[in-house]
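Only heavy atoms go into these numbers, but all of them, side chains included; no hydrogens, no water, no symmetry mates.
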Amino acid sequence: MQNVEAILQRYTKLVDPVIKKLLTEGVSKQTRNLVQYQINTGGKRLRPALAILSCLACGGRIKDVLYPASGLEILHTWSLIIDDMIDHSDKRRGKFTTWKKFGPSFAQCIGVQYGASLLQAGARSPCSQTIAKLFAKTLKKVMDGEMEDVLFEQGGREDPYFKIHRAQHVTFKDYFSMIGKKTASLLEASCEVGGIIAKAPKKIIQILKHYGWHLGIAFQITDDILDIYGKGELGKPVGQDIRERKLGNILVLFAKVKLKKTEVAKAIQAIKNTRARDLAFALARSHIKKAKSELLRLKSSPARNALRELADYTLTRKK
């Protein structure tokens, strides 16, 4: 998958200057390092890459999609800042999270700066009203999914709403609802952005959306597997979902284990003693197959081939 890595690096070089321009414009010198911190910790820039490749696959131009593609990464990173605060996570990508580095008060202010930068990205995009509406719709879905994920936890929170509405049981339907919003909706929107900017027909945009959604489902399932079976490649402790007593992990649902905060190692081993990993991989593969089948409805092009390679990469990635 070296070609995929090269593609991601190429588009990272294109969007990172735009992202940093949006984040720092109108911000005091004292604050610039703070707002750039999370972006500078790394990341694959998968969402901008999907937007760019989708645009190219529809005959569009890279220069037209750079601002909305950058906005997608800003939206994604904003959600990570919030997620880390909610989960009290100390590390992401092997580095301190924003709230841990600067404190929760500054992390909240930085999050608002990301929101303002997202507005700027939308305003500077071609088809700005359509893009702005899509950004808003997607952000609401992501945050809906985030709240569902919190409610799937088995305890350990003092939030009044959590105490009343915590899910007693989580079904597979609940799980797919949550990851569909929290993860898949953003990858779906990334592909949709590319089609919109290229002024593609509605039926082509629908194909791109379906591809992105299936890709997002497979991406999250792979994340769940890496959380249990990885070796810290995600830049956070192995078994983080178990430490947080989250039922929103596909392996936990397949294995049907009871999560106790003090028995992380036992819970991981209990999961490994089941077929949960095989079942999860099979499920991820089925969604990648569906994603790739959607691409066959597009005209053959280097961009379409790259989207296909990105789908395969989702299953084999280590972080």
Inset, instruction - With the side chain counted from C-beta on, respond yes when Q120 and Y67 share a heavy-atom pair under 4.5 Å apart, and no when they do not. - result: no

Inset, instruction - Using a 4.5 Å cut-off on heavy atoms from C-beta on, say whether the side chain of I250 contacts that of F172. - result: yes

Legend entry - Note, D312 side chain near V4 side chain (heavy atom, < 4.5 Å): no

Legend entry - Single-linkage hydrophobic cluster, 4.5 Å side-chain cutoff, V27 and I110 together: no

Inset, instruction - Look at the aromatic rings of W99 and H88 and report parallel, tilted or perpendicular, splitting at 30° and 60°. - result: perpendicular

Legend entry - Exam field: side chain D227 to backbone D241, donor-acceptor pair closer than 3.5 Å: yes

Inset, instruction - Identify the heavy atoms of A69 and I52 that sit nearest to each other, and give their distance. - result: CB-CG1, 4.3 Å

Inset, instruction - Heavy atoms only: give me the nearest L315-F281 pair and the separation to one decimal. - result: O-CE2, 4.1 Å

Inset, instruction - Would you check if I207 and R297 make a side-chain contact, meaning some heavy-atom pair closer than 4.5 Å? - result: yes

Legend entry - Connected via hydrophobic side-chain network under 4.5 Å: L119 and L66: no

Inset, instruction - Output the distance between atom CD1 (I268) and atom CD1 (I242), rounded to the nearest 0.5 Å. - result: 4.5 Å

Inset, instruction - Report yes or no: does S286 contribute a side-chain atom to a donor-acceptor pair with the main-chain N or O of L283 at less than 3.5 Å? - result: yes

Inset, instruction - Measure across P68 and P126 and return the closest heavy-atom pair with its distance rounded to 0.1 Å. - result: CD-CD, 4.5 Å

Inset, instruction - Check the surroundings of atom NZ in K199: do more than 12 heavy atoms from other residues, nucleotides or ligands lie under 6.0 Å from it? - result: no

Inset, instruction - Would you please test T171 and D174 for side chain to side chain donor-acceptor pair (under 3.5 Å) and show each step? - result: CA-CA 5 Å; T171 66; D174 296 329; 3.0 Å; yes

Legend entry - Within-4.5 Å side-chain heavy-atom neighbours: E188 and K141: yes

Inset, instruction - Taking the side chain as every heavy atom from C-beta outward, state whether K21 and R124 have any pair of such atoms under 4.5 Å apart. - result: yes

Inset, instruction - Under the side chain to side chain contact (heavy atoms under 4.5 Å, CB included) rule, what do I39 and Y114 come out as? Steps first, then yes or no, please. - result: CA-CA 11 Å; I39 284 290; Y114 272 73; 3.5 Å; yes

Legend entry - Flag if over 12 foreign heavy atoms under 6.0 Å of CZ, F162: yes

Inset, instruction - Test S125 against S128 for side chain to side chain donor-acceptor pair (under 3.5 Å), laying out the working first. - result: CA-CA 5 Å; S125 301; S128 58; over 6 Å; no

Legend entry - Rounded distance [0.5 Å steps], CD in Q38 versus CD1 in I81: 5.0 Å

Legend entry - Donor on one side chain, acceptor on other, N40 and K95, under 3.5 Å: no

Inset, instruction - Give, for atom OH of Y175 and atom CG of D149, the distance between the pair rounded to the nearest 0.5 Å. - result: 9.5 Å

Legend entry - Test: R47 cationic atom under 6.0 Å from F219 six-membered ring centre, within 45° of axis: yes

Inset, instruction - Start with the C-alpha gap between E192 and L208, add the side-chain angles, then the distance that decides, and say whether side chain to side chain contact (heavy atoms under 4.5 Å, CB included) holds. - result: CA-CA 6 Å; E192 184 176 359; L208 292 169; over 6 Å; no

Legend entry - Point-to-point distance, once rounded to the nearest 0.5 Å, from OG1 of T274 to CG of L251: 7.0 Å

Inset, instruction - Determine, for E146 against K181, whether the closest basic-nitrogen to carboxylate-oxygen distance falls under 4.0 angstrom. - result: no

Legend entry - Salt-bridge present (R157, E153; N to O < 4.0 Å): yes

Inset, instruction - Could you check if a side-chain atom of Q108 sits within less than 4.5 angstrom of a side-chain atom of M85, using non-hydrogen atoms only? - result: yes

Legend entry - For M143 against S79, the heavy-atom pair lying closest together: CE-CB, 4.0 Å

Legend entry - L80-L118 co-clustered via ILVMFWY side chain contacts under 4.5 Å: no

Inset, instruction - Nearest 0.5 Å please: distance from the NZ atom of K256 over to the CD1 atom of I271. - result: 13.5 Å

Legend entry - Minimum heavy-atom distance between A311 and I288, given as atom pair plus value: O-CD1, 3.3 Å

Legend entry - Residue that, paired with D84, satisfies salt bridge (charged side-chain N to carboxylate O under 4.0 Å, His left out) out of R92, K101, R93: R92

Inset, instruction - Before accepting this row, confirm whether a basic side-chain N of the pair R317/D223 lies closer than 4.0 Å to the acidic partner's carboxylate O. - result: yes

Legend entry - Salt-bridge contact D83-K182 (side-chain N to carboxylate O under 4.0 Å): yes

Legend entry - Derivation and outcome, side chain to side chain contact (heavy atoms under 4.5 Å, CB included), residues L22 and I74: CA-CA 9 Å; L22 288 165; I74 288 170; 3.8 Å; yes

Legend entry - L295 reachable from L310 in the ILVMFWY side-chain graph, under 4.5 Å edges: yes

Inset, instruction - Spell out, yes or no, whether I62 and L53 are grouped together once hydrophobic residues are joined by side-chain heavy atoms under 4.5 Å, including indirect joins. - result: yes

Inset, instruction - For residues T314 and A218, report the shortest heavy-atom separation together with the two atoms involved. - result: CG2-C, 3.9 Å

Inset, instruction - Nearest 0.5 Å please: distance from the CH2 atom of W78 over to the CD1 atom of I82. - result: 6.0 Å

Inset, instruction - Test the K272-Y229 pair against the cation-pi criterion, namely NZ or CZ under 6.0 angstrom from the six-membered ring centroid and within 45° of the ring axis. - result: yes

Inset, instruction - Answer yes or no: is there a donor N or O on one side and an acceptor on the other, between the side chain of Y211 and the main chain of L307, under 3.5 Å? - result: yes

Legend entry - Derivation of the side chain to side chain contact (heavy atoms under 4.5 Å, CB included) call for K246 and F152: CA-CA 6 Å; K246 286 188 174 183; F152 289 174; over 6 Å; no

Legend entry - Side chain to side chain, I19 and R45, heavy atoms closer than 4.5 Å: yes

Inset, instruction - May I have the step-by-step check of side chain to side chain donor-acceptor pair (under 3.5 Å) for E309 and N305, ending in yes or no? - result: CA-CA 6 Å; E309 289 185 38; N305 294 340; over 6 Å; no

Legend entry - Ring-ring centroid check F96 F102, cutoff 6.0 Å: no

